[in-house]
Amino acid sequence: MPFGDGAQLRDVYRRMKREGYAFIASNVAEPNVLLGLLEGAEASRADLLVQISYGAMGFAGAGDAWAGLRALSSYLRAVSECYSIGIFLNLDHQQEKHLDLVERAIAARIPSSIMIDASHEPFERNVAITRKVVEMAHPRGILVEGELGIIKGAEEDVVSDEAFYTDPDDAVEFVERTGVDLLAISIGTEHGVSKGRTLTLRLDLARRVNEALREAGYDIPLVIHGSSGLSTEQLRELIRCGVCKINRDTFYQYLYTCTAYDFYRQRHESIVPPEGVRFDPETFESSNDWTPDKKAFDPRAVGKEIQRAVKEALMRFNEEIGSAGRSLFASGSGSGSGSSPS
Ligand code: 13P
Ligand code: ZN
């Protein structure tokens, strides 16, 4: 289906919260991961949420984040028409210093949702900054994710050596005063390379935040950042605690690099001239009849492998967390054909 807006995304979250499944909200910065995700979601008949950070926008825009956001989102919009599932875009970890970009993105109705990250600020400032984004985004039907508590690790230029867990009472006040549609909480996950087994996940806290919000009349989806490295069972437990958006980035980065590394390692002889052979890469002149093989060095060859690896990974995740078969938009799914994660 064509790219989905905030109202359609809200419908997906409502059903996720009701039935207990989630998005793996996947970060993209270039087309190979993006195409793999689209293929994986379509094959799973699951809706897809991709997200772009400020750094990824700059990367795609030759240093100009606004250009990069327009480029990546136009690409996403165009290719979305090739798929039947619901496809949504979240702007990930936007900061107060980038609010001009956020404002332009809202005016151009680019994203389905925006995450404003003012969690490093004192509570009152976090409320004020987040509220400002809500006031900008809601009139255009764009959802807003706020964050309370600090996630350990590095997310672009925001680095925290320590985690600060979310307090359930603060969470209720934060949601009440900001009007956010989703709340990211800190319960012990970390951004970057972390082993789920060595993390102490405060599931009790996630549960308490969820219950406190529900009792106060705000049954909104919770969000977990830094999910790379968590096990299937941990993801399922998080979903049982009211989490509907599970952010994942580092996993795809590693998968991308390992796939490319293996691909080139296996085709070394088709790319690098043998010992003693002189080869001019500009004229393709060789001191014997060795020439590189286009099937190995065409970037699309490795790109296809990366896309396939990402597709398979997302299909696996969607099965594991109960999202497979549950697209609200693809025909033949969305009417309860999926099963809840057990
Ligand atoms: P990881 O890179 O640890 O998967 O975290 C992703 C994230 O939280 C994006 O917002
Ligand atoms: Zn994050």
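Throughout, numbering of the chain's residues begins at 1 and tracks the sequence. For ligands, and for the atoms within them, numbers begin at 1 and follow the listed sequence. Keep in mind that what you see is a predicted model, and the values were worked out from it rather than measured.
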Q | Numbering as shown, the atoms of ligand 1 that approach H93 to under 4.0 Å (heavy-atom distance) | A | 10 (O)
Q) Just heavy atoms, cut-off under 4.0 Å: does T250 contact ligand 1 by side chain, backbone, both, or neither? A) both
(Q) Within the 4.0 Å heavy-atom shell around N27, which atoms of ligand 1 are there? (A) 9 (C)
Q: Please work out whether any backbone atom (N, CA, C, O) or any side-chain heavy atom from C-beta onward of I151 is under 4.0 Å from ligand 1, and answer side chain, backbone, both or neither.
A: neither
Q | Those atoms of ligand 1 less than 4.0 Å from some heavy atom in D249 | A | 1 (P), 2 (O), 4 (O), 6 (C)
Q) How far is atom 4 (O) of ligand 1 from its nearest protein heavy atom, and which residue and atom name does that atom have? A) S228 OG, 2.5 Å
Q | Flag, side chain of R236 to backbone of E320, donor-acceptor distance under 3.5 Å | A | yes
**Q.** H191 and H225 aromatic ring geometry - parallel, tilted or perpendicular at 30°/60° bounds
**A.** perpendicular
**Q.** Proximal heteroatom of H191 relative to the Zn ion (ligand 2) (N/O/S)
**A.** NE2
Q: May I ask you to list the atoms of ligand 1 that are less than 4.0 angstrom from any heavy atom of H225?
A: 8 (O), 10 (O)
Q) Is the shortest distance from a Lys or Arg side-chain nitrogen in R308 or E312 to a carboxylate oxygen in the other one below 4.0 Å? A) yes
**Q.** ligand 1 to G226 polar contact by distance, N or O atoms, under 3.5 Å
**A.** yes
Q. Is a donor on one side and an acceptor on the other found under 3.5 Å between the side chain of R14 and the backbone of R10?
A. no
Q. Does at least one non-hydrogen atom of M115 fall below 4.0 angstrom from an atom of ligand 1?
A. no
Q: Provide the number and element of each atom of ligand 1 under 4.0 Å from a heavy atom of H191.
A: 3 (O), 5 (O), 7 (C), 8 (O)
Q: Would you please test F88 and F3 for ring-ring contact (aromatic ring centres under 6.0 Å, His included) and show each step?
A: CA-CA 6 Å; F88 302 94; F3 185 76; 7.3 Å; no
Q.
Checking one value in my table: which N/O/S atom of H93 lies closest to the Zn ion (ligand 2)?
A. NE2
(Q) Can you confirm, on distance only, whether ligand 1 has an N/O atom lying under 3.5 Å from any N/O atom belonging to D92? (A) yes
Q: Describe, in one word, how the ring planes of Y54 and H98 are oriented to each other, choosing from parallel (under 30°), tilted (30 to 60°) and perpendicular (over 60°).
A: parallel
Q. What protein heavy atom sits nearest atom 3 (O) of ligand 1, and how far off is it?
A. G192 N, 2.9 Å
(Q) Please give the atom name: the N, O or S atom of H225 nearest to the Zn ion (ligand 2). (A) ND1
Q: Treat each ILVMFWY residue as a node, draw an edge where side-chain heavy atoms are under 4.5 Å apart, and state whether L101 and I142 are in one component.
A: yes
Q. If you measure from the Lys or Arg side-chain nitrogens to the Asp or Glu carboxylate oxygens, is any gap between K17 and D219 under 4.0 Å?
A. yes
(Q) Would you say D117 and Q95 are linked by a side-chain donor-acceptor pair, where the criterion is simply a distance under 3.5 Å? (A) no
